[in-house]
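Worksheet for the structure shown next.
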2 protein chains.
Amino acid sequence: MVNDPFRALSHPIRRGIVERLAEGPATVGEATGGFGVSKPAISHHLKVLEETGVVTRVAEGRTHRLSLEPDVLSVAADWMDRQRALWGRLFDVVDEYLKEEESQ
Amino acid sequence: MVNDPFRALSHPIRRGIVERLAEGPATVGEATGGFGVSKPAISHHLKVLEETGVVTRVAEGRTHRLSLEPDVLSVAADWMDRQRALWGRLFDVVDEYLKEEESQ
DNA sequence: GATACCGTTCACCATGTGGTTAACGATCCG
DNA sequence: CGGATCGTTAACCACATGGTGAACGGTATC
């Protein structure tokens with residue numbers, strides 16, 4: 001299960017990187033500054049984001065330009081939507097049950 | 001970061017359990033059958049789901065009734081929605097970036 | 001009471017994860 | 001050329017994760 005967007009999002013630093021890239025492409029330095037960890041640690045998180053397909057990278061001179069891959073993230077977003085649709089229906093079932101209780 | 005729904009969802013077996021519970025409460029056996037791992041492994045995954053607040057449990061005789069906690073899962077679902085709203089605008093951002101490149 | 005069943009805990013193991021410092025390669029700039 | 005900058009790789013470490021078989025505690029069933 002190497003290509004798993006949920007795995008990519010399971011660490012707060014990686015979610016932070018995704019948040020910044022959701023606003024637009026950025027270099028490694030721009031996208032990862034201020035997390036309070038060393039550069040190798042950042043490099044590792046970027047590797048995970050690349051392996052899972054969430055982020056792509058293009059070398060530009062001595063910097064790298066990072067971009068989000070919405071299609072891959074959509075796999076996770078769509079899964080969440082499907083589950084939410086189901087558990088939302090559970091609320092309705094409970095509501096109906098409670099109304100039936102009241103009317104008796 | 002112990003109470004992190006993303007951590008709960010980072011393993012396919014735990015997502016499978018969530019999928020089943022999204023259709024309604026179930027016992028451990030009902031919710032976790034057929035994953036092809038031993039009972040201790042299942043027990044551990046349930047522990048993670050409980051620790052992260054995604055699942056609650058009520059003992060009923062010798063079985064346990066598991067229920068989903070939508071509020072906790074909504075934290076993850078809402079985050080995904082916010083990001084998706086941002087990366088939905090991303091196509092325009094990329095267009096602008098490419099136009100700036102061309103005009104230079 | 002004996003036995004089967006549901007699910008957990010215990011002890012253990014292999015691997016993965018996340019972090020560090022040090023060194024490196026490549027690129028830009030004086 | 002020489003030095004600063006961007007980001008990676010290498011080597012290492014501590015801890016978390018995910019799995020197993022064995023044993024256990026309650027609860028139902030006969």
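For the numbers below, each heavy atom of this structure counts, side chains included, while hydrogens, waters and symmetry mates do not. Below, chains carry the letters A, B, ... as their sequence lines are ordered, and counting in each starts from 1.
The interatomic distance linking A/H64 (NE2) with D/dT5 (P) rounds to 17 Å, in whole Å. Protein atom CZ of B/F35 is 14 Å distant from nucleotide atom P of C/dG7, rounded to whole Å. Summarising the geometry, the separation between CD on A/E30 and P on D/dT5 is reported as 16 Å, rounded to the nearest angstrom. Rounded to whole Å, the distance from CZ on A/R15 to P on C/dG18 is 11 Å. Look at CG on B/D4: it is 14 Å from C1' on D/dA16, rounded to the nearest Å. Atom CZ of A/R7 is separated from atom P of C/dG16 by 10 Å (rounded to the nearest Å). Regarding A/L46, its CG atom lies at a distance of 15 Å from the C1' atom of C/dG19, rounded to whole Å. A straight line from CD of B/E60 to P of D/dG26 spans 19 Å, rounded to a whole angstrom.
The pair A/E51-A/R7 counts as a salt bridge, with a side-chain nitrogen and a carboxylate oxygen less than 4.0 angstrom apart. For the pair B/R57 and B/E50, the salt-bridge criterion is met [side-chain N within less than 4.0 Å of a carboxylate O].
Nearest nucleotide to the A/T27 side chain, out of D/dA4, C/dC5, D/dG7: D/dG7. Nearest to the side chain of A/R62, among C/dG7, D/dC6, D/dT8, sits D/dC6. In the set C/dG19, D/dA28, D/dT8, the nucleotide with an atom closest to the side chain of A/K39 is D/dT8. Side chain of A/V37, nearest nucleotide from D/dT8, C/dG19, C/dT8: C/dG19. For B/I13, counting side-chain heavy atoms from C-beta on, the closest listed nucleotide (D/dT27, D/dG19, C/dG19) is D/dG19. Nearest nucleotide to the A/P40 side chain, out of D/dA10, C/dC10, C/dG18: D/dA10.
At the heavy-atom level, B/S38 lies under 4.0 Å from base atoms of the strands shown. Among the protein residues, A/S43 comes within range of the nucleic acid bases, having at least one heavy atom under 4.0 Å from a base atom.
Counting only heavy atoms from C-beta outward, the side chains of B/L73 and B/L9 approach each other to under 4.5 Å. Looking at B/D81 and A/R84, their side chains come closer than 4.5 Å, going by heavy atoms from C-beta outward.
OP1 or OP2 of D/dG19 sits under 4.0 Å from a side-chain N or O of B/H45.
Checking A/E23 against B/W87 by side-chain atom types alone, no donor-acceptor pair falls below 3.5 Å.
Map A/H44 and A/G61 each onto its nearest nucleotide of DNA chain C; the residue landing nearer the 5' end is A/H44.
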